[in-house]
**Q** 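Quick one: this structure, given as structure tokens, is what I'll be asking you about.
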Amino acid sequence: MSKLNPRQREAVHYIGGPLLVLAGAGSGKTSVITRKIAYLVEQCEIPARHIAAVTFTNKAAREMKERVGQLLQGRDSRGLTVSTFHNLGLNIIRREHRTLGFKPGFSIFDDQDSKALLRDLLLHNDEDAEQVQTVQHQISTWKNDMIEPEQALAVANGPLEILCARAYEAYNRHLRAYNAVDFDDLILVPVRLFGSHPEVLERWQGRIRYLLVDEYQDTNLSQYRLVRQLVGYRGALTVVGDDDQSIYAWRGARPENLAQLQQDFPSLKVVKLEQNYRSTSRILKAANTLIANNPHVFEKTLWSEMGSGDPLRVLHTRNEDAECDRIATEILDRHLRERIPFRDFAVLYRGNHQSRMLEMKLQSYQVPYKISGGTSFFARAEIKDLMCYLKVLVNRDDDNAFLRIINLPRREIGPTTLQKLGEYASARQASLFDACAEIGLEQVLPAAAIDRLRRFCHMIESLYQRCVQGDPIAAIRELIDEIGYEEWIRQNSASEATAEKRIQNVWFLVDSLRATLERLQEDNPEAGIEEAIARLILIDLMNRQEEEDDSDRVQLMTLHASKGLEFPHVYLMGMEEELLPHRNSIESDTIEEERRLAYVGITRAKRTLTMTLAKKRRQFGEEVECAPSRFLDELPAEDIEREGLGDVSPEQNRAKGRATLSGLRGLLDDL
DNA sequence: TGACGCTGAGTTTTT
DNA sequence: CTCAGCGTCA
């Protein structure tokens with residue numbers, strides 16, 4: 001992809017003012033962003049350190065960085081910022097922590113941490129902790145909408161919202177006390193800082209002289225504000241996005257931010273990328289006609305030069321068993337007959353639960369597959385444990401992390417001791433860690449308990465000393481040995497094999513920490529273990545592990561997870577009312593986002609697309625009749641082959657899959 | 001601490 | 001139906 005098409009070139013070369021690039025699926029938007037960065041550095045002579053590109057995921061940032069590095073080949077890319085919104089926010093908070101009143105080495109609360117904190121707070125107020133999830137979600141929504149606790153309380157409607165608003169206030173107060181921020185704060189705190197300290201904002205505006213934003217349709221209100229603040233009125237901005245691929249409104253994304261740009265910048269230039277380099281024209285035609293049913297601010301029609309390709313197929317099956325069986329046998333068949341590698345197939349679905357039956361079928365036919373999604377690296381218990389040790393190491397006020405590891409491995413410190421300690425600490429306005437050292441504690445706890453607590457604190461303290469004075473990575477390795485963590489994992493694992501895997505994860509984390517620290521020190525020799533740990537909290541190591549594992553497997557994932565990816569052969573299962581337009585979306589009348597979800601699924605396919613649906617489905621124990629998805633009626637009938645409807649009975653249809661399978665035996669014998 | 005049984009929910013998910 | 005989360009009991 002060394003040649004840019006005229007539209008792409010226009011998007012790369014236009015630097016006269018704010019630019020919106022409407023990049024259809026598969027139109028080479030990453031090329032445009034990376035080429036534009038290179039262009040800015042080489043042709044416009046903007047030093048790389050004054051350019052920032054912002055993405056949503058670590059993976060996207062990493063890929064972009066790599067591609068820019070290739071383009072600039074040794075030329076000066078030093079100081080270039082390519083990061084996620086959250087990472088950028090983290091950097092801003094770190095640099096400005098003094099102004100913000102944070103102690104250095106603050107903690108970042110992830111989803112589970114904040115849930116735990118909320119549960120605590122709700123229980124304290126005698127509220128039932130049933131609705132932690134709801135409360136957490138509401139607080140996150142408020143934060144993304146930039147609503148402060150007081151405002152929330154003022155606007156709150158009904159007892160539930162009042163409860164949420166109160167919890168919000170307490171939650172924020174406690175975060176402060178822990179010297180911690182949550183994920184939403186990583187954006188929100190910088191925005192507030194810039195709002196109240198123009199001189200700080202000016203400094204950052206001077207540093208970021210050109211800003212590029214990817215996936216702009218996914219920005220929420222606070223991210224949008226951050227972009228606008230950083231850009232100021234200079235308008236040195238390129239945003240890339242696609243309103244038709246906005247599928248995250250349910251978590252605060254505001255696709256209308258795309259249209260909003262025209263009001264913010266009357267001089268906005270719009271470039272549409274409509275040539276698709278991925279799919280056959282039949283697939284694109286289907287995508288175009290489907291999405292034409294949504295209202296649009298910017299019209300766009302994808303086209304390609306990849307030839308018309310095979311018709312799309314819609315397979316009607318008797319039930320979900322037949323549906324999954326058909327997909328599994330057909331993939332196996334095409335793999336053997338047409339020599340298509342397994343990795344060229346993807347099966348996409350709306351909800352994670354849909355993968356279960358399919359997995360069983362794939363296993364029974366011995367088709368190798370890989371599921372993306374599921375528990376991420378950082379959600380694994382052993383990684384959380386170790387991360388909490390690291391968190392306490394850099395921020396002893398992080399009571400949450402403290403509580404997780406104080407008795408792990410077992411140190412004979414039970415709930416009663418911790419409760420007493422907690423009461424003492426909160427009366428003294430001290431963190432749990434600091435409270436352990438206080439003389440007054442001897443009034444409330446037996447000497448033996450205090451001794452055990454202090455032994456723990458002392459261990460952390462001496463570890464910290466070793467980190468600062470000597471080799472921090474070596475010190476952390478020693479710590480893991482010292483606490484007998486490997487032993488503990490072995491005792492608490494179901495099998496020897498899983499224990500080994502978990503131990504490997506632990507050492508992998510330590511090694512990642514080492515690598516992160518080294519990388520940070522390249523830019524800034526002053527960087528210490530604190531920075532590396534904070535950075536690590538944000539890095540999704542899972543992705544890196546996955547990259548290494550590029551074995552030949554069928555890919556299974558949700559439609560959401562498939563965004564940005566492409567596969568030669570795509571199966572889109574569960575094309576039914578209540579499933580693809582999901583039931584909740586039908587009820588809440590948010591069909592348009594569901595349609596975009598279907599659009600995303602269709603546009604993942606390069607060569608063939610097969611959609612499947614079942615007539616009946618077991619749901620919550622009972623059999624339910626399923627209606628075909630309305631989206632099927634919105635596809636061009638002339639490009640679609642239907643199977644299992646009318647001319648072929650469901651039984652014959654099922655037999656069809658089987659027949660090919662038995663034919664495979666012969667093929668196998670030939671090999 | 002660990003095993004068992006009850007209850008209730010049951011989209012999508014990144015940072 | 002299936003699984004997580006919780007509480008109870010030995």
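Per chain, numbering begins at 1; letters A, B, ... match sequence-line order.
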**Q** Base, sugar-phosphate alone, or nothing: which one does A:Glu578 contact when heavy atoms must sit under 4.0 Å apart?
**A** nothing
**Q** Using centres under 5.5 Å plus planes under 30 degrees as the test, is A:His86 stacked with B:dT15?
**A** no
**Q** Rounded to whole Å, how long is the line connecting atom CG of A:Leu348 with atom C1' of B:dT11?
**A** 16 Å
**Q** Would you check if A:Trp250 stacks with the base of B:dT12, given a 5.5 Å centroid limit and a 30° plane limit, both strict?
**A** yes
**Q** Sticking with atom P, work out how far C:dG5 lies from B:dT12, rounded to a whole angstrom.
**A** 15 Å
**Q** Can you name the nearest heavy-atom pair linking A:Thr55 to A:Thr57, along with the distance?
**A** OG1-O, 3.2 Å
**Q** Looking at A:Arg411 and A:Ile405, what are the two nearest heavy atoms and their distance?
**A** NH2-O, 2.8 Å
**Q** Which nucleotide in the set B:dT11, B:dT13, B:dT14 lies at the smallest distance from any side-chain heavy atom of A:Ala561?
**A** B:dT13
**Q** Could you pull out the closest heavy-atom pair between A:Ala152 and A:Tyr168, with the gap in Å?
**A** CB-CD2, 4.0 Å
**Q** Between atom NE2 in A:His137 and atom C1' in B:dT13, what is the gap in whole Å?
**A** 10 Å
**Q** Please tell me if A:Asn58 has a side-chain N or O lying less than 4.0 Å from either OP1 or OP2 of B:dT14.
**A** no
**Q** Choosing from B:dT12, C:dT2, B:dT11, which nucleotide comes nearest the side chain of A:Thr558?
**A** B:dT12
**Q** Can you check the A:Leu559 CG to B:dT13 P distance for me, whole Å?
**A** 10 Å
**Q** Of the options B:dT11, B:dT15, C:dC3, whose atoms approach the side-chain atoms of A:Asn584 most closely?
**A** B:dT11
**Q** In whole Å, what is the span from the CZ atom of A:Phe56 to the C1' atom of B:dT12?
**A** 16 Å
**Q** Indicate, with a heavy-atom threshold strictly under 4.0 Å, whether A:Arg583 touches base, sugar-phosphate, or nothing.
**A** nothing
**Q** Whole angstroms only, please: what is the CD-C1' distance between A:Glu587 and B:dT11?
**A** 12 Å
**Q** Quick check for you: among C:dT2, B:dT13, B:dT15, whose closest atom lies nearest to any side-chain atom of A:Asn352?
**A** B:dT13
**Q** Please state how far atom CZ in A:Arg618 lies from atom C1' in C:dC3, giving the value in whole angstrom units.
**A** 17 Å
**Q** Checking side-chain polar atoms at under 3.5 Å, does A:Arg254 have a donor or acceptor matched by the opposite partner on A:Asn220?
**A** no
**Q** Could you state the atom-to-atom distance from CG of A:Asp184 to C1' of B:dT14 in whole Å?
**A** 11 Å
**Q** Should the pair A:Arg583-A:Glu577 be classified as a salt bridge under the 4.0 Å nitrogen-to-oxygen rule?
**A** no
**Q** Closer than 4.0 Å, any side-chain N/O of A:Asn220 to the OP1 or OP2 of B:dT15?
**A** no
**Q** Using atom NE2 of A:His582 as one end and atom P of B:dT11 as the other, report the distance to the nearest whole Å.
**A** 5 Å
**Q** Which listed nucleotide (C:dT2, B:dT13, B:dT11) is nearest to the side chain of A:Arg350?
**A** B:dT11
